[in-house]
Trainee: 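Can you read through this structure? Questions will come right after.
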Amino acid sequence: MAKITKAVFPVAGLGSRFLPATKAQPKEMLTVVDKPLIQYAVEEAVAAGITELIFITGRNKRAIEDHFDTAYELEAELAASNKTALLESVRNVIPKSVSCIYIRQPAALGLGHAVLCAKPVVGDSPFVVILADDFMLAAPGQPNTTEQMVKLFETEHASMVAVQDVPREQTRQYGIVSGTPYKERLERMSAIVEKPSPSEALSTLAVVGRYVLDGKIFSYLEKIGKGSGGEIQLTDAIAAMMRDHPYLAYRFDSTRYDCGSKLGYLKASVVLGMQHQEIGTEFSSYLRTLQN
Ligand code: G1P
């Protein structure tokens with residue numbers, strides 16, 4: 001089976017939960033300490049061996065393209081004033097061996113439609129999908145979630161979604177999976193439903209924004225119609241594909257922060273702030289003063 005080298009980042013979403021902050025800037029450019037969310041997502045992919053980054057963008061998302069491009073004036077200014085460390089940080093956002101491909105999603109028709117926009121570039125290959133607002137902090141000393149899923153794909157040869165248990169009252173926010181235990185941290189999936197109500201949900205195992213998919217998913221995406229919320233849902237295409245091909249659910253060991261929500265975003269900012277090389281110690285002592 002082919003090695004996974006492509007990652008799809010659907011970044012066309014409006015970010016309405018963060019208005020007015022996202023009125024004129026993409027939600028994926030919100031920063032956790034000193035890096036935008038999309039950069040963390042890209043770093044996770046690059047660490048997993050991905051060499052082609054495919055961004056599904058939309059209107060008002062230019063800042064993402066600029067972020068991964070050369071910034072001539074800024075670099076010239078930093079070089080002229082000998083700010084070497086800062087210069088390196090803007091120059092080396094991604095390694096030279098990695099390429100960025102941008103595809104416009106012409107209308108906000110949902111996650112499934114966004115992924116389908118990647119078909120001309122992905123073709124038949126297996127690929128990963130990363131939702132940048134699901135911020136994943138790897139367990140100490142452990143590979144990140146995408147790395148783990150890519151590795152599992154190489155041995156299991158099955159498509160895969162990342163899952164975690166959520167409180168039953170939250171099932172309406174997620175794709176919900178049911179399955180049977182297969183191996184450590186893995187379930188063989190038997191069903192997946194987009195955003196069921198708590199009373200209808202078959203389980204509380206929720207999909208978070210990491211998927212390993214096979215190129216075959218595109219033909220299912222083309223066939224399914226509109227689903228939950230009147231959008232073309234990736235979940236529905238997975239449900240259709242599961243009838244013909246095996247799917248696994250991977251209980252990841254990273255900590256996941258829902259950075260599409262204010263609370264999750266603040267939690268991630270605090271944790272990353274406390275771990276930050278430059279400000280971590282001082283920030284942690286400041287937090288302790290707030291406890292009184
Ligand atoms: C999307 C998917 C959903 C998944 C979630 C993970 O929903 O449609 O199945 O559980 O991402 O974050 P959204 O958050 O875009 O509404």
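Note that this is a predicted model, so its numbers are computed, not measured. Every number for a ligand or one of its atoms is a count from 1 in the order of the listing.
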Trainee: Can you tell me how the ring of Tyr102 sits relative to the ring of Phe55, calling it parallel under 30°, perpendicular over 60° and tilted otherwise?
Mentor: parallel
Trainee: Ignoring hydrogens and angles, tell me if any N or O in the side chain of Asp133 forms a donor-acceptor pair with the backbone of Cys259 under 3.5 Å.
Mentor: no
Trainee: For Lys61 and Gly13, indicate whether the former's side chain and the latter's backbone hold a donor-acceptor pair under 3.5 Å.
Mentor: yes
Trainee: Decide whether a cation-pi geometry holds between Lys223 and Tyr220; the criteria are a distance under 6.0 Å from NZ or CZ to the six-membered ring centre and an angle within 45° of the ring axis.
Mentor: yes
Trainee: Taking the six-membered ring of Tyr174, is the NZ or CZ of Lys195 close enough (under 6.0 Å from the centre) and on axis enough (within 45°)?
Mentor: no
Trainee: Tell me every residue that passes ring-ring contact (aromatic ring centres under 6.0 Å, His included) with Phe283, counting only those two or more places apart in sequence or in another chain.
Mentor: none
Trainee: What residues sit with at least one heavy atom under 4.0 Å from ligand 1?
Mentor: Leu111, Leu131, Asp134, Tyr174, Gly175, Glu194, Lys195, Val207, Val208, Gly209, Tyr211, Gln233, Thr235
